[in-house]
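A short worksheet on the structure shown next.
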Amino acid sequence: SYPAPPPGGYPPPRGSFGAGPGLLGAPYASWGLRVGGYLIDGVIFFVVNLILQALFRRSNVLVLHNAMTTRGVVHHQRYDFLVYGLSAVFILIYCTVLVGGPRGQTVGMMAVGARAVRNESGAVVGYGKAFLRSLVSLLLGYTVIVGILDVLWPLWDAKNQTLHDKAVGTVVLRTRNAG
């Protein structure tokens, strides 16, 4: 995709993004880059969830206990909706504050070199749009099939957008070259 080298056999300049598709000269973040960021953020969410479970382990607030008998063996399950709700609130606040701020990046996005911006202008997402983006992503994640589609959507989308990006008009750009 680089132009022909100049006379003298010098290679094209390294470290630039080139003129590939994207917004403001930066290419759209690839699917693999985005998944890497999701995984890093997922580790953060997992640790917070473990902490919340430890804090509310003895609490019976918003807890559903289920017992089932299968072939004479009783199986007990506990569903802690207080922890689920607090985890969801943490995810919403985390994504809203970090994506809506001036950097437009969660910790995972910072680590992989990606940034969320407005689709039409490349401007900062802003807190309102970041909250809607986070809420749509969270709700899509609760519906397993649509949540999987949301994550896979950039594989065939021209701008590598997820469904939650399309819903609020954002794109994710690569902020640095890999390697």
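Atom CG of L155 has more than 12 heavy atoms from other residues, nucleotides or ligands within 6.0 Å. Other residues, nucleotides and ligands contribute more than 12 heavy atoms inside 6.0 Å of the OH atom of Y84.
Taken from CG in L55 to CD in Q53, the straight-line distance is 10.5 Å, to the nearest 0.5 Å. Summarising the geometry, atom OG belonging to S87 is positioned 9.0 Å from atom CG belonging to L82; distances are rounded to the nearest 0.5 Å. The OG atom of S134 sits 8.5 Å away from atom CG of L138, with the distance rounded to the nearest 0.5 Å. Residue I51 holds its CD1 atom at 8.5 Å from CZ of F90, rounded to the nearest 0.5 Å. Summarising the geometry, atom CD1 belonging to I91 is positioned 8.5 Å from atom OG belonging to S137; distances are rounded to the nearest 0.5 Å. Once rounded to the nearest 0.5 Å, the distance linking CD1 of I148 with CG of L140 reads 12.0 Å.
Cluster membership check: V47 shares its hydrophobic cluster with L92, using side-chain heavy-atom separations under 4.5 Å among Ile, Leu, Val, Met, Phe, Trp and Tyr. One hydrophobic cluster holds both Y142 and L52 under the rule that ILVMFWY side chains link at heavy-atom gaps under 4.5 Å. No path of Ile, Leu, Val, Met, Phe, Trp and Tyr side chains, each step under 4.5 Å between heavy atoms, connects V43 with L50, placing them in separate hydrophobic clusters. Side-chain heavy atoms closer than 4.5 Å link hydrophobic residues (I, L, V, M, F, W, Y) into clusters, and following such links, possibly through other members, connects V144 to L163.
Counting heavy atoms from C-beta on, the side chains of V99 and T106 come closer than 4.5 Å. Under the 4.5 Å side-chain criterion, counting only non-hydrogen atoms from C-beta, R34 is in contact with T162. Side-chain atoms of T170 and N119, non-hydrogen and from C-beta on, never get closer than 4.5 Å to each other. N160 places none of its side-chain heavy atoms less than 4.5 Å from the side chain of V171. Contact check for Y28 versus L173: side-chain heavy atoms found under the 4.5 Å cut-off. Counting only heavy atoms from C-beta outward, the side chains of V89 and I93 approach each other to under 4.5 Å. Here the side chains of W31 and L152 are in contact, with some heavy-atom distance below 4.5 Å.
Salt bridge annotation for D165-K159: absent, with no cationic side-chain nitrogen under 4.0 angstrom from a carboxylate oxygen.
Counting all heavy atoms, side chain and backbone alike, T96 lies closest to F131 at OG1-CA, 3.3 Å. The minimum heavy-atom distance between Q161 and W153, with the atom names listed, is O-CD1, 3.3 Å. Between A167 and V136, the shortest heavy-atom distance links the atoms CB-CG1, 4.1 Å. Summarising the geometry of M109 relative to A116, their closest heavy-atom pair is CE-N, 3.5 Å, with the distance given to 0.1 Å. When all heavy atoms of G37 and V112 are compared, the closest pair comes out as N-CG1, 3.7 Å. Annotation for G113 and L33: closest pair O-CD2, 3.9 Å, computed over non-hydrogen atoms.
Within the 3.5 Å criterion, the main-chain N or O of A114 finds no donor-acceptor partner in the side chain of R174. For the pair D150 (side chain) and H164 (backbone), a donor-acceptor distance under 3.5 Å is present. Checking side-chain atoms of R103 against main-chain N and O of L98 turns up no donor-acceptor pair under 3.5 Å.
Between Y94 and F45, the ring-plane angle classifies as perpendicular under the 30° and 60° cut-offs.
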Determine, step by step, whether V35 and L39 satisfy the side chain to side chain contact (heavy atoms under 4.5 Å, CB included) criterion, reporting the C-alpha distance in whole Å, the side-chain angles of both residues, the deciding distance to 0.1 Å, and the verdict. CA-CA 6 Å; V35 168; L39 291 174; 4.2 Å; yes
